[in-house]
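A short worksheet on the structure shown next.
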Amino acid sequence: MGLSCVGGTLHALKLATIPAMTFSLSTIRMGTRGLLHGRIWSPMPLICRAFSSNAVEVPLTREPELVVKPQWRASIDFKWVRDNKEIVAANILNRNSTTDLELVLNLYEQFCRLQKEVERMREERNAVANKMKGKLESSERQALIEEGKNLKEGLLALEEDLVHLTDKLQLEAQCMPNITHPDVPIGGEDQAALKKMVGSPRMFSFPVKDHLQLGKELDLFDFDAASEVSGSKFYYLKNEAVLLEMALVNWALSEVSRRGFVPVTTPEIVRSSVVEKCGFQPRGQNTQVYSIEGSDQCLIGTAEIPVGGIHMDSILADSDLPLKYVALSHCFRTEAGAAGTATRGLYRVHQFTKVEMFILCHPEESDNYHEELISIEQELFSSLGLHFK
Amino acid sequence: MREERNAVANKMKGKLESSERQALIEEGKNLKEGLLALEEDLVHLTDKLQLEAQCMPNITHPDVPIGGEDQAALKKMVGSPRMFSFPVKDHLQLGKELDLFDFDAASEVSGSKFYYLKNEAVLLEMALVNWALSEVSRRGFVPVTTPEIVRSSVVEKCGFQPRGQNTQVYSIEGSDQCLIGTAEIPVGGIHMDSILADSDLPLKYVALSHCFRTEAGAAGTATRGLYRVHQFTKVEMFILCHPEESDNYHEELISIEQELFSSLGLHFKTLDMASADLGAPAFRKYDIEAWMPGLGRYGEISSASNCTDYQSRRLGIRYRPAMTEPPPTKLKKGKGVTGPTRFVHTLNATACAVPRMLVCLLENFQEEDGSVIIPQVLRPFMGGLDVISPKLK
């Protein structure tokens with residue numbers, strides 16, 4: 001289940017509950033340690049369990065636990081985040097993210113300590129188990145059995161806390177934006193840097209028509225019928241426009257596969273967890289993602305998603321890399337929140353055909369492949385005779 | 001009652017005694033109230049009538065065999081099963097060895113009955129689509145691509161049941177929209193609620209789209225590999241025509257299909273489907289089943305239905321027949337120069353359903369060394385490639 005981390009009621013709800021949780025966890029942790037040393041065990045497990053299951057003895061200050069569990073875990077390098085806190089904090093600001101870095105680091109610290117506790121307890125329990133292998137007095141054995149039992153119960157409770165802590169850590173940490181290349185300009189839309197300019201605007205000796213008018217006169221599309229059948233921002237392509245779509249797709253696939261990319265077609269319905277793992281938010285406010293009713297599936301907005309999923313949960317051989325795919329698929333986008341300008345005609349539509357390139361590579365080579373990809377794109381559009389930047 | 005009310009209203013136009021007028025006003029008021037109540041009843045009754053009547057299946061062509069699957073009549077047989085001098089592999093095995101599909105990755109990413117096509121299989125899909133579009137548009141059909149998300153009401157008007165039990169239709173969450181299971185639906189919708197000119201007909205479309213089907217209730221046999229999948233590419237033919245011509249166009253559609261599949265070198269049989277297999281909209285349905293050596297049996301690769309006016313009565317597609325006689329001279333100019341509108345007939349037929357075609361091509365044209373020969377007619381659409389060979393790893 002993905003939560004939107006950029007505004008919205010869900011985010012506010014999350015923040016409201018966390019502080020109380022943090023407090024309770026610390027209480028438990030301290031209480032556990034104190035009691036362990038004193039070997040006075042009986043009351044503790046009760047409170048641990050009460051905490052976990054919202055049973056009778058609940059401190060009045062604590063709010064009921066919001067049971068929100070991430071469906072999957074990201075392998076985030078928390079050590080690196082902790083050791084580069086300043087860079088990460090600045091990046092979060094530059095990327096307009098609302099991730100609470102302090103919270104992440106806080107939770108991570110608690111996680112580390114709790115994990116150490118758990119390990120220590122496991123060692124103790126193993127030690128007790130070992131002791132019991134030897135010859136013992138009946139009373140000694142009895143005491144050890146008792147200790148072993150207490151350790152086991154304590155361990156179970158702590159492990160449960162560890163799971164909850166990991167869930168919370170994941171929920172907040174998954175929202176963290178990727179770090180940024182040092183050369184990327186800081187700022188908004190207007191701060192984008194010009195990397196390359198190709199060609200110049202054509203000079204027309206007659207009044208220029210927009211694509212909608214041309215399409216109407218050449219009988220190339222039908223937006224009106226599509227509006228009745230499907231809704232706004234849908235369309236039929238007709239006649240030569242169909243040939244043009246086929247030609248563009250054939251040509252792009254051909255050009256890119258010539259350059260060593262494996263052609264694929266992909267599913268257009270995918271599990272929502274895969275959408276999230278690619279960095280999109282299917283359930284966010286103003287989500288771009290269509291969901292399928294009665295299922296955890298969504299429609300893809302780009303072939304990036306199903307292609308990213310091809311090698312999900314895999315370990316590739318070094319020699320397998322780089323893997324280069326060129327994928328043909330239809331794409332579906334809700335375009336929620338994209339009202340107003342530039343929504344006429346084909347510029348912004350709910351469904352379209354796209355040929356997408358995807359590369360999996362060694363970390364040290366990704367900058368180079370980024371340049372390779374942009375080169376391919378520039379060559380393709382130049383060869384079509386387009387003027388672009 | 002409306003007439004009575006109009007009569008009362010007319011009466012009130014003249015000069016009346018005050019008491020007479022009062023009585024008429026009273027009568028008019030009563031009539032108005034009574035009318036409102038009756039009109040409301042009429043709406044409710046119409047609703048109930050519609051609900052039940054919409055379920056009525058189309059009438060059936062007299063030559064259609066009565067019965068189930070086994071009652072289908074053989075209309076035509078083309079070719080014969082190829083004799084193999086080596087053990088025949090099914091399309092899944094061929095696909096694995098030639099690195100043409102990936103069902104396992106798709107199972108993780110999307111679920112069962114999803115797949116990626118790879119390498120030459122992508123070229124083959126493109127070639128089949130290009131070739132089918134080209135062949136059919138040559139025969140006078142207008143090529144179109146269509147929305148794949150449509151309002152559920154349009155799905156219903158075409159004769160499908162998006163909310164039914166075991167529905168084939170995927171619905172979009174939080175909306176009244178669905179995914180199409182065939183381009184028949186969005187193409188049927190193009191002229192929804194329209195009155196066409198007599199001279200507009202026939203309208204012939206060849207539509208390229210992706211299709212989505214839940215395949216709920218289709219567990220068990222023949223669900224392996226590409227035979228039954230949730231998503232596929234299809235080229236579909238659709239005709240809107242004069243009622244008296246639909247039988248002829250049905251024959252034209254099945255001829256086109258038979259020509260297409262013959263030119264690919266497939267062995268197949270054309271069946272006149274029996275009454276129980278027609279589905280609600282069809283008046284008559286021809287299915288083509290091609291020989292699939294890997295399956296060891298015939299499998300459906302296309303379906304051609306004459307829906308007569310079943311869909312057009314629901315989609316509201318009418319035409320104005322041209323007058324065959326000159327109008328009476330006393331008629332005002334421009335008034336009533338054509339007859340009352342009539343409903344068009346609609347037909348639909350599969351030109352190419354890519355996955356089933358892939359099954360046919362791979363299994364029928366396999367060679368002993370595991371390679372697959374590409375039919376002549378497709379080679380120009382594959383950059384001249386004539387064979388898919390095993391890759392050396």
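Letters A, B, ... are given to chains in the order of the sequence lines, protein chains preceding strands, and every chain is numbered from 1.
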Quick check for you: among [options], which has the greatest number of heavy-atom pairs under 4.5 Å with chain B?
{"options": "A:K277, A:E268, A:H311", "result": "A:E268"}
{"options": "A:H350, A:E245, A:Q297", "result": "A:Q297"}
{"options": "A:I305, A:N250, A:V262, A:D313", "result": "A:N250"}
{"options": "A:Y235, A:F234, A:Y236, A:Y290", "result": "A:Y236"}

Inset, instruction - In sequence, state the C-alpha distance, the side-chain angles, and the governing distance for A:V242 and B:V206, and then conclude on side chain to side chain contact (heavy atoms under 4.5 Å, CB included). - result: CA-CA 11 Å; A:V242 177; B:V206 56; over 6 Å; no
Legend entry - Interface residue of largest heavy-atom contact number with chain A, from B:P147, B:S194, B:P186, B:A121, under 4.5 Å: B:P147
Legend entry - Choice from B:S171, B:C178, B:G189 maximising heavy atom contacts with chain A below 4.5 Å: B:S171
Note, [X] side chain near [Y] side chain (heavy atom, < 4.5 Å):
{"X": "A:V264", "Y": "B:D102", "result": "no"}
{"X": "B:P143", "Y": "A:N239", "result": "yes"}
{"X": "A:L328", "Y": "B:L117", "result": "no"}

Legend entry - Contact class of A:F221 relative to chain B, heavy atoms under 4.5 angstrom: neither
Legend entry - Structural part of A:Q351 lying under 4.5 Å from a heavy atom of chain B: side chain
Legend entry - Passing candidate, side chain to side chain contact (heavy atoms under 4.5 Å, CB included) with B:S110, options A:T266, A:I269, A:V270, A:V274: A:V270
Legend entry - Atom pair CD1/NZ of A:I310 and B:K118 - distance to nearest 0.5 Å: 7.0 Å
Inset, instruction - Would you give the length of the straight line joining atom CE of B:M382 to atom OG of A:S254, rounded to the nearest 0.5 angstrom? - result: 12.5 Å
Inset, instruction - Measure distances from B:L123 to the heavy atoms of chain A and classify the residue's part below 4.5 Å as side chain, backbone, both or neither. - result: neither
Inset, instruction - Would you mind checking which part of B:F381 comes under 4.5 Å of any heavy atom in chain A, side chain (CB onward), backbone (N, CA, C, O), both or neither? - result: neither
Legend entry - Closest heavy-atom pair and its distance - A:E293, B:I172: OE2-O, 3.9 Å
Legend entry - Which atom of B:M126 lies closest to which atom of A:M246, heavy atoms considered: CE-CE, 4.3 Å
Inset, instruction - May I ask you to decide if the ring planes of B:H210 and A:H330 are parallel, tilted or perpendicular, using 30° and 60° as cut-offs? - result: parallel
